[in-house]
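What follows is a single structure, written as structure tokens, with notes after it.
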Amino acid sequence: MKRLWFPGAFVALIILIAIAAPVLGLPDPVRQDIARRLAAPTATSWLGRDEFGRDVLSRLIWGARTSLGVAFASALTAGLIGVVLGLIGGWSRGTAAFLSVRSMDIILCFPPVLLALLVVTLLGPGAATLILVLSVLYLPGFARVTYSEVLSVRGRDYVEATRALGGRTWYILLRTVLPNIAGPILVQLSLAVAAAVVLESGLSFLGLGVVPPAPSWGLMIRGARATMEQAPLLLVWPCAALTLTILAMNLLCDALRDAVDPRTSGR
Amino acid sequence: MSAVWFAHRILIALVLAWIVATIVFMALHMVPGDPAELLLSTGGTSPDPATVAELREKLGLNQPILVQYGSFLGGLLRGDLGTSLVDDYPVLSEIALRLPRTLELIFAGTLLAIAIGVPAGVYAALHRGGRFDRIASGVTALLLAIPVFVVGTLLVLLFAQTLRLMPAGGFTPLTQDPVLHLKLLTLPAIAIGKGLAAVLFRMTRASMLDALANDYVRTARAKGLAPGRVLFVHVLRNALNPVVTVLGLQMGTLLGGTVLVEYVFNWPGLSTPLLRAVEARDYPMVVGIVLTISVLFLLINLIVELIHAVLDPRVSAP
Amino acid sequence: MTISRRTVLGAGLAAPLLASPLLSRPAAAQRANGILRFGLSAFPPNLQPWVSTGASAGTVKMLTHRSLVTYDSKGELRGELAESWAIDGDGAWIFKLRQGCLFHNGEPVTAEDVKWSIEQIAGEKSTAYMRSQFQGIERVEIPDPRSIRIVIKEPQATLPTWFANYNTFIIWRNSTANEPIGAGPFRLAGQERGSSLSLVAFDKFYKPGFPKLKGIKFIVYADENLRNAALQSGDVDMIEYVPWQSMAAVEADQRLKLDTVEGPFMDVLFNGTKPPFNDARVRRAVAHAIKREDIVKVAFFGRGKPLEGLPIVEGTPWYDKELAHGWNYDPARAKALLSEAGYANGFQTTLLATAQFGMHKDTAEVVQQHLAAIGIQCELQLPDWSTRVSRGSRGQYDMAIHGVSADNNDPDGLTVVLDTSLSPTHGRSFKVDAPRTVAALAKGRGEFDQAKRVEIYKVMQRAALEEVPLVGLAWREQGYGMDKGVKGFTNLPGALTTSSGGMLEETFFG
């Protein structure tokens, strides 16, 4: 458990900053000041100002709310549904397995950008649409990984033993199978959160993401790409925030994996 | 893996592809935007509605959607994907020209990712918590964090604009100039491979750790098997199972996910026309490309399952 | 459509030009063989001679086809297939054909071809850009083999400019629909759909010594950063649409030069079918509320000019300094107008633009901020361009951002954006009532006396300032970047900048 606290605190800090945005006394993240556009960092705006003269630090923190909110919501939704589908599929085989796993192939057949384009065009852009799109996109990943893990675990001695003892199916799945396959799933989760943040930026780049002027890291990166030669730092801040978040998520998931996995938790 | 199983699988794949094509066909007709109006509005010009109406008629867009769907299915059965609404170009020719390039790009990127991600993951797992493990974790986060369109722009800025080592994107056939072909392939392959390498690294590392902790590894060690043999025969074989799953998933995603890379490097593959076709509401082109991508994806899936069966004999498909 | 041998040729032709092995001296080899490598911003959707498919297509079409007239480097009409033109006593236009003009297949250009082309454009099933104008032609006569007489239902002062549009070409009358044969200085030699097009000089072009280039290789770079990188690294000799943020770098580069004009403009459109924008006072409030300099700075990196009146180019006879600033930035006045209209406390509304194009998105964000300052809170709606177009022409919006250029530099060229009595499209306000503006436009179209036309269009400007069929925001610079060795090219003034591609006929390596 020791290894858990550092990454845990790291992720908690990031989330805390994002949640605390309204009480941090930050300048309005959408307030433009075009006379000072692309201004370098100063004592009043620590990270400088963007192409509209808006405060970058404020946008970074407010953007964290949007970007992380979307990423966590979609990764968790996808993870929850995906794992359940994978468990059903891997355990029951037969028709249920066929439906739960094969139906995922339909999603996978869609090029992600096309799926996003169609859904966003039909429902209108915005955070809610984005969460829907991203969770649909990550669903098959969770289902697949869970499914294949269950397949390779179900024949193992300890599972067979629990089954022989007459354990109920759900009990076996949750208490015996799940902990033993949690490693790859948690890794998948950290990857999904990371990928969701990045995909959010990609979709915003194509105009399918968060609606301006609301801040998001993706929109910040899109805007900064155009001013790359004039103000390269604007590109650095959101990318750095993204990197740190992903690093923290990775560390946390590694630690969680160790904590949850019965085989490695002893160390 | 009998022939019956195989045939069954292929049949399922075809049905799935048909479902996907149908969903795309219907969804595309539902989203706002009229191909005739859009074509005549290129560049912001305002077309005369009477002209738009005439073009709609000419393109057959005034027929009921089920009639259009019917003629699409009819064409499909004859192996005809129709022609573009924009310039009457056969959809099949466009796909035949561009698909190999996208596949090449994905293949190069995946190869790069496997060559870097898998060994690095194995090494990091074996030396868990070591310096390499920690640095690699940081690099992985960085690779995952920087969006493809930023990496692409930076690579172009560095290699084409500043160092002038290679052209600013583009494509030349292998038969024309193999050296230049590979040169032009390098940057986009890096852009595609970087994320995948990070994903593979993490997946390999995680499942290696899992496998190393398993009883049978301990048993094997206890039996006095040499560490090298234990590693490769037992651990890697087990560890690669989820890695192959992820790889299969990612390859599929990449098929339609190279949009930004193709765009930023001007690589004339299949993704850019897909995006353009969606923007232009060029129905036959979109449906044709999606159908192709689906069939290919399902094919890759089948291959992944076969690999699984070889790696882990206990797995048999549902 | 287009050429049947494209697939075969396309792949092969793409290679040697994209892939100059002499990367250290990239331009040298191409210059020696007289082939210009041109970076296009978009692949022409198709190259049908009369259908409007954008400026990139226009650039190519102006080189492979010819019409009766064209624009010279100053933006004045100049004869092409026609030597001269005049109006006769009955108000009909007579064009005298030049002798010795040949189509690409060697057939001479005859009056019959001209008549046939006009009739095709005006045809009942036509999808031509100029269809509705040409349907105003009563009949086309051929008084003698060298003359065309166009009898029009209503007098048209600007009829010759119809033939300078890049969607009005003269095509050989026995052409098939898929293979239109033109009389331009270049022939289409091959293309790879979506990537590149190759033109070669037409050896029997009627103007001796032209075209000066042996060929042009168009390479499409959709990403503006990459297009600019291709110019700066020497992969191409010339590009269109230099991104605004890169203009300074192109100017600073000793090897390169930049040619810009302020041609296209950004504007706000309104839905006139419902409150509050059915009230001209509210529209005028919007016009006075926006500080245009901010748009120029943010969306165009200072590469443009505030537009506080109707989009009439400075320096033309129609320009009037006072009228050109009739919608000056004056938030107090804007607020007063809102109160007058009964919205003293402002209101909530929506602003439609597209996130697909940075300049539309950036403009919308600035407009949103300035409108909020006078109490108009608008929610931005930024769908993809296709949806934006669709919603625009169906009137599914309150306010919208648009960017466009007029058809030409004559005020009549503004009809397409100002005349809200025409059937709705995404490029003009939806059913906004502007009767005096519309009437003045119609009057100007039928007047032949220059002095009287100037007066009519001043009246039109005054009316439009009050009726507000659109709100002008900013002129934006349209820039071509090129190697200093590229000579003879001119970026045409004002709205004609998108027609500058025709100048490639006179371009050469010096």
Side-chain angles (χ1 to χ4, degrees), chain B residues 31-34 36-52 54-55 57-58 84 86-89 93-94 97-98 149 152-153 156-157 160-161 164-173 175-177 179-181 184 263-266 268 272-273 276 278-281, chain C residues 1-2 7 11-12 14-16 18-19 21 23-24 45-46 51-57 125-129 131-132 178 192-195 219-223 225-226 229-230 232-235 356 383-387 389-391 393 402-404 416-417 422-428 498:
Chain B
V31 300
D34 165 13
E37 183 183 18
L38 283 169
L39 177 60
L40 298 176
S41 300
T42 314
T45 30
S46 299
D48 178 4
T51 316
V52 173
E54 210 51 67
L55 188 58
E57 185 64 45
K58 208 175 262 179
S84 163
V86 167
D87 64 354
D88 213 16
Y89 193 78
S93 311
E94 178 84 350
L97 180 69
R98 285 163 175 272
F149 56 91
T153 312
V156 168
L157 192 69
Q161 231 167 314
R164 303 215 171 161
L165 284 176
M166 37 184 84
F171 175 84
T172 188
T175 48
Q176 209 88 46
D177 184 342
V179 178
L180 191 78
H181 176 84
L184 285 165
Y263 179 76
V264 169
F265 290 100
N266 231 20
T272 320
R276 294 282 158 268
V278 174
E279 279 170 3
R281 305 289 189 257
Chain C
M1 76 117 253
T2 60
T7 336
L18 271 171
L23 276 172
S24 49
N46 66 47
V51 177
S52 166
T53 53
S56 298
K125 296 261 164 210
S126 157
T127 52
Y129 180 67
R131 162 188 152 119
S132 64
N178 289 332
E192 188 188 318
R193 193 179 188 272
S195 302
I219 306 156
V220 178
Y221 294 91
D223 180 31
N225 285 3
L226 192 68
Q232 296 202 341
S233 64
D235 289 0
Q356 200 168 326
D384 66 329
W385 170 246
S386 319
T387 309
V389 166
S390 167
R391 290 180 55 184
S393 57
H402 193 59
V404 73
V416 68
V417 290
L422 297 172
S423 25
T425 90
H426 66 94
R428 54 182 170 256
T498 48

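Just so we're on the same page: letters track the sequence lines, and every chain starts at 1.
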If one checks every heavy atom of C/Ala128 against chain B at 4.5 Å, the contacting part turns out to be backbone

Under 4.5 Å to a heavy atom of chain B? For C/Arg193 that would be both

> Side chain of B/His181, backbone of B/Thr172: donor and acceptor closer than 3.5 Å?
Replying inline: yes

Applying side chain to side chain donor-acceptor pair (under 3.5 Å) to B/Tyr263 and not counting sequence neighbours gives none

Bottom line for C/Ser126: the part with an atom under 4.5 Å from chain B's heavy atoms is backbone

Of the listed B/Asp34, B/Val156, B/Thr45, the one with the largest count of heavy-atom pairs under 4.5 Å with chain C is B/Thr45

dist C/Asp235:CG -> B/Arg164:CZ (nearest 0.5 Å) comes out at 9.0 Å

The interface call for C/Val404 against chain B, heavy-atom contacts under 4.5 Å, is side chain

Interatomic distance, OG1@B/Thr153 vs CG@B/Leu157, rounded to 0.5 Å, equals 8.5 Å

Honestly, the part of B/Pro47 sitting under 4.5 Å from a heavy atom of chain C is both

Heavy atoms of B/Leu184 and B/Pro167 approach each other most closely as CD2-CG, 4.0 Å

If one checks every heavy atom of C/Val220 against chain B at 4.5 Å, the contacting part turns out to be backbone

Assert top hit (heavy-atom pairs under 4.5 Å, partner chain C, pool B/Ala50, B/Ala36, B/Pro268) equals B/Ala50

Given B/Glu57, B/Arg281, B/Lys58, the one with more heavy-atom pairs under 4.5 angstrom with chain C than any other is B/Arg281

Nearest heavy-atom contact between C/Leu226 and B/Gly169 is CD1-N, 4.4 Å

